[in-house]
There are 2 protein chains.
Amino acid sequence: MLRNQSPEIVVGRLPLYLRMLEFLKKEGKLITSSQELAERLGLSSAQIRKDLSYFGEFGKQGTGYNIEYLQRQLREILHVDRVWEMALIGAGDLGRALAHYQGFVPEGFRLEAIFDNAPKKIGAQVGDLLVLSMSELPRVVREKKIRVAILAVPADAAPAVAATLVELGICAILNYAPITLNVPSGVRVYHLDPVVGLQNMAYYL
Amino acid sequence: MLRNQSPEIVVGRLPLYLRMLEFLKKEGKLITSSQELAERLGLSSAQIRKDLSYFGEFGKQGTGYNIEYLQRQLREILHVDRVWEMALIGAGDLGRALAHYQGFVPEGFRLEAIFDNAPKKIGAQVGDLLVLSMSELPRVVREKKIRVAILAVPADAAPAVAATLVELGICAILNYAPITLNVPSGVRVYHLDPVVGLQNMAYYL
DNA sequence: TAGATTGTTAATCGATTAACAATC
DNA sequence: TAGATTGTTAATCGATTAACAATC
């Protein structure tokens with residue numbers, strides 16, 4: 001695959017395209033166009049065509065894009081044409097909410113285990129998982145070859161847990177802790193902080 | 001205030017600066033520099049100076065930035081030098097986790113009420129709030145002059161709820177539903193979807 | 001064929017970086 | 001004063017958009 005420009009920002013939009021394609025499919029559509037996608041997503045049709053063209057030719061002139069086909073292609077590009085096992089760290093309110101979330105599996109991810117270091121929580125049932133001690137983390141990550149983790153611990157615990165995850169070979173961390181994590185290059189962190197979103201929007205209030 | 005370029009992307013970084021300043025303060029620091037902030041945040045020092053200079057002059061040559069002072073200035077710029085009341089829609093697992101979250105108030109936001117339309121949930125105690133019926137939403141929003149909402153309902157319910165929120169005059173929506181919301185200009189939506197983050201990172205796996 | 005829409009090029013627009021005078 | 005760091009300018013870099021030939 002040719003990579004003559006960094007696609008980081010483009011890759012960031014592909015999951016949105018994938019989500020919208022699923023939505024359109026549920027509306028009964030079989031075909032869509034860059035214009036329809038653009039309108040629904042609040043982007044320009046040129047941007048969508050350009051983004052897609054970076055990875056290949058997926059449409060037909062005069063017709064548009066076959067939704068199923070484009071979904072398959074995008075899933076392949078994003079490597080979500082398989083299921084990635086995940087470790088969830090933190091069995092607090094948020095951790096339990098994530099453990100109950102049904103939306104991961106259809107999109108290429110599955111929670112394999114949930115960890116906490118509070119003795120009161122260890123052994124508790126959460127969804128169809130039992131909360132394991134943090135001391136089990138290395139073994140589970142190794143045995144299940146886990147490469148993705150969700151971090152749902154308080155901010156003050158996050159740096160140490162992140163360091164452990166990195167050491168165990170985790171290379172993608174979905175971080176719910178309200179703190180900027182310092183990780184080596186090669187490890188990716190995606191940050192989800194409600195306060196960052198709220199403060200951002202507050203500027204415009 | 002002069003606005004000769006769109007600061008959207010800059011405004012998006014200010015909450016990160018604010019969060020890092022708090023972190024440095026907790027380490028006992030009184031002063032920081034664009035270089036220190038840059039290293040900790042993984043940005044360039046030039047970018048941080050440029051971002052700040054867009055809103056004013058907050059530093060001293062040779063010295064750097066007084067942390068407390070810069071925090072106060074950034075809070076004022078972002079309009080989080082006050083507390084915004086919020087309505088939370090959805091009393092599922094995620095809604096309850098958000099209702100228990102202690103991190104909103106120190107950052108300028110407070111949950112005023114939580115709503116759901118499931119009869120089983122209405123009246124339940126969640127944190128120190130009682131779950132109210134959706135039919136109460138208009139009254140509460142009006143009486144408390146609420147302008148910010150958190151949407152924590154399933155994707156299929158989200159568009160209708162968002163439309164209601166917009167109609168009631170809500171102008172900032174923190175959206176946890178995995179769907180792109182269509183709102184009029186003037187209403188801002190900040191999207192938090194774990195799957196989007198995971199799929200984005202999966203590209204690099 | 002006529003109409004529609006893609007994929008792609010070139011132009012435009014905007015964001016980041018490098019460099020440095022100003023100054024603490 | 002010497003050293004450090006800001007605020008700002010100009011240069012660079014990258015992303016978006018407009019336009020259109022190709023083609024279904």
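These numbers come from the heavy atoms of this one structure, side chains and all, not from hydrogens, waters or symmetry mates. Please read all numbers here as calculations on a predicted model, not as lab measurements.
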Checklist entry - Between B:Gly62 and A:Thr63, who's closer to the 5' end of DNA chain D by nearest nucleotide? => result B:Gly62
Next on the checklist: Can you tell me which nucleotide in D:dT6, C:dC24, D:dC24 comes closest to the side chain of B:Lys60?
Outcome noted: C:dC24
Item to check | Cationic N near anionic O, under 4.0 Å, B:Lys25 to B:Glu68 | outcome: yes
Next on the checklist: Can you tell me if A:Ser44 touches the phosphate of D:dT17, counting only side-chain N or O atoms and a distance under 4.0 Å to OP1 or OP2?
Outcome noted: yes
Next on the checklist: Does the plane of the ring in B:Tyr203 sit parallel, tilted or perpendicular to the ring in A:His79? Use 30° and 60° as the thresholds.
Outcome noted: parallel
Checklist entry - Is the side chain of B:Arg96 donor-acceptor paired with the backbone N or O of B:Ala91 at a distance under 3.5 Å, no angle test? => result yes
Item to check | side-chain N/O B:Arg13 vs C:dT16 OP1/OP2, d < 4.0 Å | outcome: yes
Item to check | Nearest-angstrom distance from the residue atom CZ of A:Phe58 to C1' of C:dG7 | outcome: 12 Å
Checklist entry - In terms of side-chain heavy atoms of A:Tyr65, which of D:dT9, C:dG7, C:dT5 is nearest? => result C:dG7
Checklist entry - What is the distance from OH of A:Tyr69 to P of C:dT6, rounded to the nearest Å? => result 15 Å
Checklist entry - Would you call A:Arg139 and A:Glu136 a salt bridge, taking side-chain N to carboxylate O under 4.0 Å as the test? => result yes
Item to check | Salt bridge present between A:Glu27 and A:Arg40 (N-O < 4.0 angstrom) | outcome: yes
Next on the checklist: Rounded to whole Å, how long is the line connecting atom CD1 of B:Ile9 with atom C1' of D:dT16?
Outcome noted: 13 Å
Checklist entry - Can you tell me how far P of C:dT6 sits from CD of A:Glu57, to the nearest Å? => result 12 Å
Checklist entry - D:dA21 P sits how many Å from A:Gln61 CD, rounded? => result 14 Å
Item to check | Rounded distance in Å - CZ (B:Arg49) to C1' (D:dT9) | outcome: 12 Å
Next on the checklist: Does the structure show a Watson-Crick or G-U wobble partner for D:dC13, both distances under 3.5 Å? Name it, or say none.
Outcome noted: C:dG14
Item to check | Whole-Å gap separating C1' (C:dT16) and CD (A:Glu8) | outcome: 15 Å
Item to check | Spacing of B:Asp51 atom CG relative to C:dG14 atom C1', expressed in whole Å | outcome: 13 Å
Item to check | Watson-Crick or G-U counterpart of D:dC24, or none if no pair lies under 3.5 Å | outcome: C:dG3
Next on the checklist: Taking only side-chain N and O atoms of A:Ser34, does any of them lie within less than 4.0 angstrom of OP1 or OP2 on C:dT5?
Outcome noted: no
Checklist entry - For the side chain of A:Ser33, counting heavy atoms from C-beta on, which of D:dA10, C:dT5, D:dT17 is nearest? => result C:dT5
